[in-house]
Amino acid sequence: MDVGRSNKATLRTVLSSLGDHLVEVLTAPRGLGVEIDDVAILDPEDPPDPRPGDLALVIGARGKAAVPAIRAAGRAGAAAVAVKSGPELAEQATEAGVALVAVRPEARWEQVEALARAVVDAARADGEADTGELLGDLFALAQTVATVTGGLVSIEDTAARVLAYSAGDEVDELRRLSILGRQGPEKYLAMLREWGVYQRLRAGEGVVRIDERPELGIRRRIAAGIHAGSRPLGTIWVQEGATPLTEQAETALLGASRTLGPQLLRRPADPSPELRLREDLLVSLLDGRVDAQSVAEDIGADPARPALVAAFALHGANPDRRPRRAELVHLITVHAAAYRRTAMVSVLGNRVYALLPDLGERAEARILALAKEIVQAARQHLDLPVYAGLGGVATRLADTAASRADADRVLDAMARGRWQGDVAALADVRSEVLLSEVLSLLKDSPRIRDPRLAELREHDAKHGGILLPAVLAYLEAFGDVRRAAAALNLHPNTVRYRVRRAEELSGISLADPADRLLTHLQLRL
């Protein structure tokens, strides 16, 4: 056991082991690093009697019925309270100073208790909780980096053991022996040490360049150290193949090294799902289900600084493209991490979201360029038709749910084909976004629609459906009859007659500004 390391489980390790299919953190006023001494069951039929450091499972009480237990847990100094309730209790838990964990309705209490107690007992016995299997396919990430850099990638731990590598030809002798032996051959490792390569990789973040050595069978390569703070965790290497590395190679390599840090925090024999937990926290933050202060430390961001959410989607996305979406996630993660160390990426539905926190002034232009670079890389290297929408800048981390909503609105507008391009910010499509939302309001609220148009639509349907298209074309052309006639391939006099006939039948006057506006909006439905 490491000197100075506490032999207690934390809320973070318990959440990691239980997984988001069983529980979800709603608020954590003291952070996710709060230590858990024991797991206690609070029966609503007995007076609540939690103790300091308890994870209190409130069984049999939902909603407001759980409030007394939450307050008692706060007074006793308990670490967290688990209830089968929604976010309506988060405010009471925050006021009580205790973390609130929502247990999924379908989860069994005995399962939650057993798993949580196993984590606490393991930490007490070994000084470190067993937190399950490593999430994140290192081989898939290696292949993504290889595609972006144009080289051959391998990921190694601090003992130079090969953890994952990309496929490809034009392998030099060093790479061949490393992969076949699952570890770099000592002869070559000694040369790298002599050249000071490992010393530079361990020293800190940055890209190290190793020149080609034909006499040794070594081609040109670049490498970057993988770190958790000042602690070295491994190295990611990119060997040049038959063609030179791409212009983005070093940037992509740096982003990959930052992405790999959370995945290599523990040795491969005893890995951690903390990366999955971080993604779950990001999803909860973007959905507005958890407060930013509770998770700011864990997602590595300053809650008081501005942030922005960028959303990515595949053109014509369908279930058959799910395997390709994993490649896209890796690609976005690498680029986002290269731009901002604290960037996070996760998937919601059919879209991939990148949270870019800790922004400075005039960051929008740089993020727009980053989104364009990601879209171009997806098309060039993965052959994926991707488009991206940027939300507005949130003044603080707590407002990122609004930025995510804006990013979704932008993607929705782009999907309707009202923007010619693959990347757009809210300012680019604001009018289309607002119009779409006004139309949605009209569609969902019949009482604010003009019934005269409904009557005209019924009449038009029975008589060839020729009047309403003429009215819409006339309005879209701002009253220019010749333009409307050209759009419909009709004679101008025909358009004039049909517009006049529609006014007579409905009683609507297109000369009246209010009638004209409402008619135009409803016909756009």
Side-chain angles (χ1 to χ4, degrees), residues 144-145 147-148 246-248 251-252 255-256 258-259 279 282-283 285-287 306-318 321-340 342-359 362-394 399-434 436:
T144 298
V145 177
T147 303
V148 176
T246 64
E247 293 182 359
Q248 302 83 19
T251 301
R258 293 173 175 175
T259 300
E279 291 178 354
L282 173 58
V283 170
L285 183 65
L286 295 183
D287 274 348
L308 183 146
V309 175
F312 300 83
L314 295 173
H315 283 291
N318 58 62
R321 287 188 172 179
R322 287 176 185 171
R324 304 303 310 280
R325 189 177 298 119
E327 298 178 64
L328 178 61
V329 171
H330 285 309
L331 180 72
I332 295 171
T333 300
V334 167
H335 282 78
Y339 170 76
R340 182 73 73 240
T342 51
M344 293 185 66
V345 177
S346 193
V347 178
L348 272 168
N350 290 325
R351 291 175 176 177
V352 184
Y353 297 89
L355 170 65
L356 301 164
D358 303 324
L359 301 181
R362 296 183 295 276
E364 297 97 320
R366 294 180 62 189
I367 296 176
L368 187 65
L370 172 67
K372 291 179 179 178
E373 181 179 331
I374 291 173
V375 168
Q376 181 180 0
R379 288 182 177 276
Q380 179 179 350
H381 301 304
L382 303 181
D383 194 27
L384 287 176
V386 176
Y387 61 109
L390 308 186
V393 175
D399 298 327
T400 49
S403 182
R404 177 258 172 128
D406 285 343
D408 280 333
R409 296 160 74 198
V410 173
L411 285 188
D412 291 341
M414 297 175 73
R416 289 189 293 270
R418 305 289 294 194
W419 173 255
Q420 300 303 314
D422 295 320
V423 180
L426 180 60
D428 298 322
V429 293
R430 192 182 302 275
S431 296
E432 173 61 23
V433 165
L434 295 177
S436 174

Rounded to the nearest 0.5 Å, how far does [atom2] of [Y] lie from [atom1] of [X]?
| X | Y | atom1 | atom2 | result |
| --- | --- | --- | --- | --- |
| Glu373 | Gln248 | CD | CD | 6.0 Å |
| Lys372 | Asp422 | NZ | CG | 10.0 Å |
| Arg366 | Leu356 | CZ | CG | 10.5 Å |
| Leu282 | Asp287 | CG | CG | 9.5 Å |

* Apply the test salt bridge (charged side-chain N to carboxylate O under 4.0 Å, His left out) to residues Arg409 and Asp406: give CA-CA distance (whole Å), side-chain angles for both, the deciding distance (0.1 Å), then the verdict. => CA-CA 5 Å; Arg409 296 160 74 198; Asp406 285 343; 2.6 Å; yes

* To do: Using side-chain contact (heavy atoms from CB on, under 4.5 Å) as the criterion, point out the one residue from Thr333, Thr144, Val145, Val345 that pairs with Thr259.
  =>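 Filter result, single survivor: Thr333.
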
* Among Leu314, Ile374, Val329, the one residue meeting side-chain contact (heavy atoms from CB on, under 4.5 Å) with Val352 ->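 Among Leu314, Ile374, Val329, the one meeting side-chain contact (heavy atoms from CB on, under 4.5 Å) with Val352 is Val329.
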
* Counting only heavy atoms not in Arg379, do more than 12 sit closer than 6.0 Å to its CZ atom? ->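 Yes - once you tally the heavy atoms of other residues, nucleotides and ligands closer than 6.0 Å, there are more than 12.
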
Would you say [X] and [Y] make side-chain contact, with heavy atoms under 4.5 Å?
| X | Y | value |
| --- | --- | --- |
| Met414 | Val410 | yes |
| Gln380 | Thr246 | no |
| Ile367 | Leu359 | yes |
| Tyr353 | Ile332 | no |
| Leu355 | Pro357 | yes |

Of all the heavy-atom pairs spanning [X] and [Y], show the shortest one and how long it is.
| X | Y | result |
| --- | --- | --- |
| Leu411 | Gly389 | CD2-N, 3.3 Å |
| Ala252 | Val334 | O-CG1, 3.0 Å |
| Ser403 | Val309 | OG-N, 3.0 Å |
| Thr251 | Ala338 | O-CB, 3.3 Å |
| Ala337 | Arg258 | O-NH1, 2.7 Å |
| Gly349 | Val347 | O-CG1, 3.6 Å |

* To do: Please test Met344 against Leu285 for side-chain contact (heavy atoms from CB on, under 4.5 Å), starting from the C-alpha separation and ending with a verdict.
  => CA-CA 11 Å; Met344 293 185 66; Leu285 183 65; over 6 Å; no

* Where do Thr147 and Glu327 land on the side-chain contact (heavy atoms from CB on, under 4.5 Å) test, with the steps shown first? -> CA-CA 10 Å; Thr147 303; Glu327 298 178 64; over 6 Å; no

* Quick one: do Leu384 and Leu331 satisfy side-chain contact (heavy atoms from CB on, under 4.5 Å)? Show the steps, please. => CA-CA 11 Å; Leu384 287 176; Leu331 180 72; over 6 Å; no

* side-chain contact (heavy atoms from CB on, under 4.5 Å) assessment of Glu364 paired with Leu390 -> CA-CA 9 Å; Glu364 297 97 320; Leu390 308 186; over 6 Å; no

* Are any side-chain N or O atoms of Thr400 and backbone N or O atoms of Ala394, one a donor and one an acceptor, separated by less than 3.5 Å? ->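 No; zero donor-acceptor contacts below 3.5 Å.
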
